[in-house]
Amino acid sequence: MCASDAEVGHTSMQSENKTTRRDSSLDMWPEDPSQARASCSLTKFISRQWGMWTFCYMDKVLKKGYQQGDDTHRLTSDDLFSVPKRMESETLVRQFQKHRDAMDSKHDSSKRLILILWNLGSKTFMPAGLCELVVVICQTMLPVLVRELLRVLEKNSTHTAILQEGL
């Protein structure tokens, strides 16, 4: 379920001698693992998973951008989610260097780079790849299933009961 407008809290903060309104719910990335461990309720877990799969948490950002309407008002970094801790550049550089240092020198440099990038990115890209595989299978199978349905209907065109029941 998506967060309602009533759940969105606002705090004021000073920046460059002007007051801006910062939505406090944007301070933490919704998919951050530390948030996932915060509650144990099954319904909250399912709701969070649904929100992550449907990007429901982006509604408030998109709504604010839509409400601004014209080109004179644009979204700023204060209107967006903070970068997740695991995606901050310092964290990524540290992880990259850790994996690079752990690699032995028996691999050539290009293969080492591929292995390091695989170790860093596979947690994100494997689930996305599996989802894409399901989408491609469904998109491929739908025309095949429709063709088979049409073949069955054509084969049984003399039986009006099937056609009358279908209509």
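Values below: all heavy atoms of this structure, side chains included; hydrogens, waters and symmetry mates excluded. Since the structure is predicted, the reported quantities are computational estimates derived from the model, not experimental observations.
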* Would you call Arg151 and Glu154 a salt bridge, taking side-chain N to carboxylate O under 4.0 Å as the test? -> no
Please examine the side chains of [Y] and [X], heavy atoms only from C-beta on, and report whether any two atoms are closer than 4.5 Å.
X	Y	value
Val93	Glu90	no
Val61	Met58	yes
Val135	Cys131	no
Thr91	Lys85	no

* Do other residues, nucleotides or ligands put more than 12 heavy atoms under 6.0 Å from the CZ atom of Arg74? ->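 12 or below, so no.
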* Backbone N or O of Lys98 within a donor-acceptor pair of the Asp101 side chain at under 3.5 Å? -> no
* Asked: Do side-chain atoms of Ser122 reach the backbone of Trp118 as a donor and acceptor pair under 3.5 angstrom?
  -> yes
hydrophobic_cluster_shared for [Y] and [X], side chain cutoff 4.5 Å:
X	Y	value
Ile137	Val144	yes
Met126	Leu92	no
Phe125	Leu117	no
Ile114	Met103	no

* Closest heavy-atom contact between Arg100 and Ile116? ->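 Heavy-atom minimum between the residues: CA-CD1, 3.5 Å.
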* Asked: Where do Phe81 and Tyr57 come nearest, in terms of heavy atoms and distance?
  -> CZ-O, 3.5 Å
Can you tell me how far [atom2] of [Y] sits from [atom1] of [X], rounded to the nearest 0.5 angstrom?
X	Y	atom1	atom2	answer
Phe96	Asn119	CZ	CG	10.5 Å
Leu150	Glu148	CG	CD	9.5 Å
Lys64	Asp78	NZ	CG	8.0 Å
Leu115	Leu120	CG	CG	11.0 Å

* To do: Mind checking side chain to side chain contact (heavy atoms under 4.5 Å, CB included) for Val83 and listing every partner two or more places apart, or none if nothing turns up?
  => Met87, Glu88
